[in-house]
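Quantities reported herein were computed from a predicted structural model and do not represent experimental measurements. Residues: numbered from 1 along the sequence shown.
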Amino acid sequence: MDILSYQSDFITFLESQKFSREPKNLYEPVDYILRLGGKRIRPILTLIAADVFSNDYEKALPAAFAVEVFHNFTLVHDDIMDDAPLRRGKETVHEKWNINTGILSGDAMLILAYQYFENYEPEIFQKLAQLFSKTALEVCDGQQLDVDFETRNDVTIDEYIKMITLKTSVLVAAALKMGAIVAKADEEQAQHLYNYGLNLGIAFQLQDDYLDTFGDPESFGKQVGGDIIENKKTYLYLKALEVANGTDKEDLLNLYNGKQKNNTEKIATVSTIFKENNIPKETHKLIEYYTDKSFESLNHLNISDKHKEGLRAFGKNLMSRKV
């Protein structure tokens, strides 16, 4: 399991795709966001899955690219909804162009993603398209819940886990299952790999939430404290409300329900409350729980021990990331 080879071959495939068609104002933003870099975790997972079941990951490159195009489509629209200035350390699409361009180019990306499934025979195409449609709708469900939570003060930790499962982890899981489908693995095996990805995706998002508050701005590539500015009801916030004393709890509620003129001060105050209530430690405990849960699914896979260890190592590396 050579992650660097997967990554290199995927980048080569990405760079071979031409989005320099007309009208330029529709396709230049597509090309821009896809070439901004990023971790490429989801397409790599598609290639890994195809490799462990068939030892031929190159045939999964179109499916992997579809996953990456869809993921970036969601980022373009999410950035508009969050009014985010930066993505991977660069201007977001709507900042570089405008909101209307961001909306329309994002729409085009969703359609382009589906087109890449046309590289496969009808039976595989149908399975990929069905999983993709289900996943895309679940991602929309999760995004709406995320928006709804911003104006609610009664969000529970269980509701939050459900939201990030839909918004983030179903796509991680689907990326793996798509690779298994391309490799013609049986449904039961493909589902075990899906479950591995589902729990790994939850852990991944929890790590992202942690980095949003406590990450290094230069390596993280996004605005640190963005979740706090946007009053996002992340696990860090919800756990702090659960364990904090009366004063800290009241301060958090006031900070998340009022409009602050000084965002820098708001981020600093909230971060301090999190630290004083051991929220970083609690977050890491939950990340470890879901990571271990994902590894349990590996026991049901009929693949080599070497491949199982590779998937385990991939998960561990993902949870120790700083970006």
* Asked: Are Phe13 and Phe10 an aromatic pair by the rule of ring centers under 6.0 Å?
  -> no
* Asked: Is it true that the NZ or CZ of Lys177 lies under 6.0 Å from the centre of Tyr194's six-membered ring and within 45 degrees of the ring axis?
  -> yes
* Say whether His300 and Ser297, considering side chains only, have a donor N or O and an acceptor N or O under 3.5 Å apart. => no
* Check the hydrophobic clustering (I, L, V, M, F, W, Y; side-chain heavy atoms under 4.5 Å; chains of links allowed) and say if Tyr160 and Leu253 are grouped together. => yes
* Under 3.5 Å, is there a donor-acceptor pair between the side chain of Glu159 and the main chain of Thr156? -> yes
* Are Ile228 and Ser271 close enough that some pair of their side-chain heavy atoms sits under 4.5 Å apart? -> yes
* Asked: Once you round to the nearest 0.5 Å, how far does CE of Met163 lie from CG of Leu145?
  -> 7.5 Å
* Going only through I, L, V, M, F, W and Y residues with side-chain contacts under 4.5 Å, is there a path from Phe65 to Ile44? -> yes
* Linking I/L/V/M/F/W/Y whenever any side-chain heavy atoms sit under 4.5 Å apart, do Tyr32 and Phe73 land together? -> yes
* Flag yes if more than 12 heavy atoms outside Glu123 fall under 6.0 Å of its CD atom; otherwise flag no. => no
* Any donor-acceptor N/O pair, Glu95 side chain to Pro85 backbone, under 3.5 Å -> no
* Which of these passes side chain to side chain donor-acceptor pair (under 3.5 Å) with Tyr57: Asp9, Asp51, Thr46? -> Asp9
* Are any of the side-chain heavy atoms of Glu28 and Asp31 separated by less than 4.5 Å? -> no
* To do: Please answer whether the main-chain N or O of Gln130 pairs with a side-chain N or O of Ser133 as donor and acceptor at a distance below 3.5 Å.
  => no
* Just by modelled atom types, is the Leu4 backbone N or O under 3.5 Å from a matching donor or acceptor in the Ser8 side chain? -> no
* Asked: Where do Lys239 and Glu242 land on the salt bridge (Lys or Arg N to Asp or Glu O under 4.0 Å) test, with the steps shown first?
  -> CA-CA 5 Å; Lys239 190 64 179 178; Glu242 184 183 281; 2.7 Å; yes
Sequence neighbours excluded and cut-off under 3.5 Å, please list the side-chain donor-acceptor pairs for residues 272-282, or say none.
residue	atom	partner	partner atom	Å
Thr272	OG1	Ala268	O	2.8
Asn277	ND2	Asp248	OD2	3.1
Asn277	ND2	Ile273	O	2.8

* Structure fact -> dist Thr12:OG1 -> Gln17:CD (nearest 0.5 Å) comes out at 11.0 Å
* Structure fact -> Which of Arg42, Arg40, Arg35 passes salt bridge (charged side-chain N to carboxylate O under 4.0 Å, His left out) with Glu68? It is Arg40
* Check: Tyr196 side chain, Leu176 main-chain N or O, donor-acceptor pair, under 3.5 Å -> no
* **Verdict with supporting geometry, Asn98 and Thr101, side chain to side chain donor-acceptor pair (under 3.5 Å)** => CA-CA 5 Å; Asn98 54 62; Thr101 297; 2.9 Å; yes
* Structure fact -> One should read off an interatomic distance between Tyr6 OH and Ile11 CD1, to the nearest 0.5 angstrom, of 15.5 Å
* Structure fact -> CZ (Phe70) and CG (Leu75) are apart, to the nearest 0.5 Å, by 10.0 Å
* Side-chain contact, heavy-atom cut-off 4.5 Å: Lys127 with Leu131? -> no
* **Shortest non-hydrogen separation from Leu238 to Val155 and the atoms involved** => CD2-O, 3.3 Å
* Measure the shortest side-chain to side-chain distance between Gln143 and Val139 over non-hydrogen atoms and say whether it is less than 4.5 angstrom. => no
* Asked: Just by modelled atom types, is the Ile103 backbone N or O under 3.5 Å from a matching donor or acceptor in the His77 side chain?
  -> yes
* Can you find a heavy atom in the side chain of Gln189 that is under 4.5 Å from one in the side chain of Leu301? -> yes
* How far apart are the C-alpha atoms of Phe132 and Tyr114, what are their side-chain angles, what is the distance that settles it, and do they pass the ring-ring contact (aromatic ring centres under 6.0 Å, His included) test? -> CA-CA 8 Å; Phe132 195 68; Tyr114 272 99; 4.8 Å; yes
* **CA sep, side-chain torsions, deciding dist, call: Glu91, Leu86, side chain to side chain contact (heavy atoms under 4.5 Å, CB included)** => CA-CA 5 Å; Glu91 280 183 295; Leu86 296 176; 5.6 Å; no
* Structure fact -> In terms of heavy-atom contacts, Ala84 and Thr92 come closest through O-OG1, 2.8 Å
* Check: Asn153 main-chain N/O paired with Lys233 side-chain donor or acceptor under 3.5 Å -> no
* Take Lys266 and Asn231 through the side chain to side chain contact (heavy atoms under 4.5 Å, CB included) test and state the conclusion after the steps. => CA-CA 10 Å; Lys266 178 181 179 181; Asn231 299 325; 2.5 Å; yes
* What closest approach, in Å, do Ala180 and Ala49 show between heavy atoms, and which atom pair accounts for it? -> N-CB, 3.7 Å
* Does atom NZ of Lys249 have more than 12 heavy-atom neighbours, drawn from other residues, nucleotides or ligands, at distances under 6.0 Å? -> no
* Check for a donor-acceptor pair, side chain of Asn119 on one end and backbone N or O of Tyr116 on the other, with a separation under 3.5 Å. => yes
* **Any His71 side-chain heavy atom under 4.5 Å of Val69 side chain** => no
* Asked: Is atom CD of Glu121 surrounded by more than 12 heavy atoms (other residues, nucleotides or ligands) closer than 6.0 Å?
  -> yes
* Between CG of Leu311 and CG of Leu298, what distance do you get to the nearest 0.5 Å? -> 5.5 Å
* **Distance-minimising heavy-atom pair for Ile33 and Arg88** => O-NH1, 3.2 Å
* Asked: Would Arg312 and Glu309 count as a salt bridge (Lys or Arg N to Asp or Glu O under 4.0 Å) if you check the C-alpha gap in whole Å, the side-chain angles of each, and the deciding distance to 0.1 Å?
  -> CA-CA 5 Å; Arg312 197 172 280 108; Glu309 190 50 47; 3.3 Å; yes
* When you look at CD of Glu118, are more than 12 heavy atoms from neighbouring residues, nucleotides or ligands closer to it than 6.0 Å? -> yes
* Please report the closest heavy-atom contact between Gln207 and Leu318, naming both atoms and the distance. => CG-O, 4.5 Å
* Asked: Distance-only, no hydrogens or angles: does the Tyr27 side chain make a donor-acceptor pair with backbone N or O of Ser105 under 3.5 Å?
  -> no
* Asked: Same hydrophobic cluster for Met81 and Leu137, using side-chain heavy-atom links shorter than 4.5 Å among ILVMFWY?
  -> no
* Hphob cluster co-occupancy, Ile287 + Tyr289, side-chain heavy atoms under 4.5 angstrom -> yes
* Asked: Do Leu128 and Val182 have side-chain heavy atoms sitting under 4.5 Å apart?
  -> yes
* Quick one: closest heavy-atom pair of Leu61 and Tyr120, and the distance? => N-OH, 4.1 Å
* Does a salt bridge link Asp82 with Lys232, judged by any charged N lying under 4.0 Å from a carboxylate O? -> yes
* Structure fact -> The reported gap from OH in Tyr256 to CD1 in Ile229 (rounded to nearest 0.5 angstrom) is 10.0 Å
* Asked: Can you check whether Met319 reaches Leu200 side chain to side chain, under 4.5 Å on heavy atoms?
  -> yes
* For Tyr210, does its backbone N or O pair with a side-chain atom of Thr213 as donor and acceptor, under 3.5 Å? -> no
